[in-house]
Amino acid sequence: MKQKIVLVGTGFVGMSYVYSLINQGIGEEIVLIDVNKAKAEGEAMDLNHGLSFSPKRMHVRAGDYADCRDATLVVIAAGVNQKPGETRLMLLQKNASIIRSIVQSVMGSGFQGIFLLATNPVDILTHIAWQTSGLPSSRVIGSGTSLDTARLRYEISQKIDINVSNVHAYILGEHGDSEFVCWSNAFVGVKPLTDVIKTYGKIAHEDLETIHHTVKTAAYEIIQRKQASYYGIGMVLAYITKAILLDENRIIPLSVLHEGLYPIEPVYIGLPAVINRQGIHHVVQLTLNEQELTALQASANILKQSLDQLK
Ligand code: NAD
C-alpha cells in the first residue's frame, strides 16, 4: 500500500517535520491541511521545488480531510499559542476543541490508520484524540517525551564525548514540568551510567541534576531566544514516522496508555514503547526505583487533574 501521510497544521513544527521527511525520503505522498488553506498551498508549492533533491520520488500537495481516507498516518501539529493574559487551562480548552474537531473530520473520511500528535499539551491532547477517534489506543500516539529524551541523550553525550547513538536513557512522564529522568535505567553502550560515573571520570553524580535542569528548561530557553522550537521536534516526528512506515519495532519514549504496567492513573503519558506498522506494539515495562515511581505517579496525577478540569 502507498505510504501516505497527512499533516494537519502547517506551522513551524509541521513544516519542519515535512522538510525532514523530504530530505530523508520518508513516505511517498504527503498531503498538507491547515485552517489557513493558502498557507498549506504555499508550503506545498515551495517544497515541490525541492523534490528533485529528495533521495526518492515523493509527492507533496495541499488537500483536505477527504484525503485522510486512505492515509497510513495523520500527524497533528495544529494549535494556537498562549495569548497574553491567557491561563494554561484556557489554552488547553482551546486546543482541546481544535483537536476534537480535527479528529472528527479525519474520522469522517473513513480513516483507519494511525494518529501521531505533537500539539501541546501533548499527553492530554493525545488522550482526547484517542477518546474522540474511537480507535484502539495502539493507533493514537503522542510524541510524548521523545524530544526531551533526544535532548537528554545529547547533553549526556556532550558531557562524556561519546556518540549520542550509544547513550540510552529516557525522560519519562508528562511532556512538561513534571517530567523526570529515569537514571536507574541509563546506559552508555552496555555499561550502566552509574559505572560510567565511577570509572570514566568525565561525568560525576553532581552533573546529573544539571543535565536534568538543562533538558527541562530547554524549551523555555529556545522560546526566549527565537519564540518557538521546531527543528528538533520536526526531526523526532520524522524518526517516529520512519519507525511506523518501515515496521521497525523500534523503542521510542512516546505518549501512550500504560496498559496497567504501573500503579498510576490511566492517562496518556511518556513511556518507552515498541512501535511498528501497526502502531504501539507494546509498552516496555521498566524496573523503576521508588523515587522514579513516585515521580511517575505525580506526573500522571497532574495529567489526570488537567483532563478532569476539561470535563
Ligand atoms: P504555529 O502557530 O506555527 O502553527 C500552528 C498551525 O496550526 C498554524 O499554521 C495554524 O493555522 C494551524 N491551525 C490552527 N488551528 C487549526 C485547525 N483547527 N485546523 C487546522 N490547522 C489549524 O505553531 P508551531 O510552532 O508549529 O507549534 C505547533 C504545536 O506544536 C504547538 O502546540 C506547540 O506547543 C507544539 N510543540 C510540540 C512539541 C513537542 O515536543 N510535542 C515541541 C514544540 C512544539
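FYI, side chains are in, hydrogens and waters are out, and symmetry mates aren't considered; it's all heavy atoms of this structure. Read the numbers this way: they start at 1 and go in the same order the structure lists the ligands and their atoms. The structure displayed is predicted, hence computed values, not measured ones.
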Enquirer: For the 3.5 Å polar cut-off, considering only N or O atoms, please tell me whether Asp34 and ligand 1 meet it.
Expert: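 N/O-N/O distance under 3.5 Å: yes.
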
Enquirer: Any donor and acceptor pair, going by atom type alone, linking the side chain of His127 with main-chain N or O of Leu257 inside 3.5 Å?
Expert: no

Enquirer: Would Leu147 count as being in polar contact with ligand 1, using the rule that some N or O on each side must be under 3.5 angstrom apart?
Expert: no

Enquirer: How long is the span from the CG atom in Leu73 to the CD1 atom in Ile244, to the nearest 0.5 Å?
Expert: 5.0 Å

Enquirer: Which residue holds the protein heavy atom closest to atom 3 (O) of ligand 1, what is that atom called, and what is the gap in Å?
Expert: Phe12 N, 3.1 Å

Enquirer: Considering only non-hydrogen protein atoms, determine which one is nearest to atom 5 (C) of ligand 1 and report residue, atom name and distance to 0.1 Å.
Expert: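 Its nearest protein heavy-atom neighbour is Gly79 O, 3.6 Å.
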
Enquirer: Would you find a donor on one side and an acceptor on the other, under 3.5 Å apart, between the side chain of Glu292 and the backbone of Trp183?
Expert: yes

Enquirer: Quick one: nearest non-hydrogen protein atom to atom 23 (O) of ligand 1, plus distance?
Expert: Asn81 ND2, 4.3 Å

Enquirer: What distance separates Thr145 OG1 from Tyr170 OH, expressed to the nearest 0.5 Å?
Expert: 9.5 Å

Enquirer: Which protein heavy atom lies closest to atom 37 (C) of ligand 1, and at what distance to 0.1 Å?
Expert: Ala118 O, 3.0 Å

Enquirer: If the contact criterion is a heavy-atom separation under 4.0 Å, does Val80 count as touching ligand 1?
Expert: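 Contact check Val80 vs ligand 1: negative.
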
Enquirer: Against Glu179, only a single residue in Thr149, Leu152, Val215, Asp123 fulfils side-chain contact (heavy atoms from CB on, under 4.5 Å); can you say which?
Expert: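 Going through Thr149, Leu152, Val215, Asp123 one by one, the side-chain contact (heavy atoms from CB on, under 4.5 Å) with Glu179 is satisfied by Val215 alone.
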
Enquirer: What protein heavy atom lies closest to atom 43 (C) of ligand 1? Include the residue and the distance to one decimal.
Expert: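 I find the closest protein heavy atom is Ser229 O, 3.4 Å.
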
Enquirer: Among Asn120, Val13, Ile76, whose heavy atom sits nearest atom 31 (C) of ligand 1?
Expert: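 Considering heavy atoms of Asn120, Val13, Ile76, the nearest to atom 31 (C) of ligand 1 sits in Asn120.
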
Enquirer: Please write down residue, atom name and distance for the protein heavy atom closest to atom 18 (N) of ligand 1.
Expert: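 Going atom by atom, the protein heavy atom closest to atom 18 (N) of ligand 1 ends up being Ile98 CG2, 3.5 Å.
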
Enquirer: Please report which non-hydrogen protein atom sits nearest to atom 20 (C) of ligand 1, along with the residue it belongs to and the distance in Å to one decimal place.
Expert: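 Sorting protein heavy atoms by distance from atom 20 (C) of ligand 1 puts Val35 N, 3.2 Å first.
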
Enquirer: Nearest 0.5 Å, please: how far is OG in Ser54 from NE2 in His59?
Expert: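 Answer rounded to 0.5 Å: 10.5 Å.
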
Enquirer: Counting only nitrogen or oxygen atoms and a 3.5 angstrom limit, does His175 reach ligand 1?
Expert: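 Looking only at distances, the answer is yes, because the N/O contact criterion of under 3.5 Å is met.
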
Enquirer: Name the orientation class of the two ring planes belonging to Trp130 and Tyr268 (parallel below 30°, tilted from 30 to 60°, perpendicular beyond 60°).
Expert: tilted

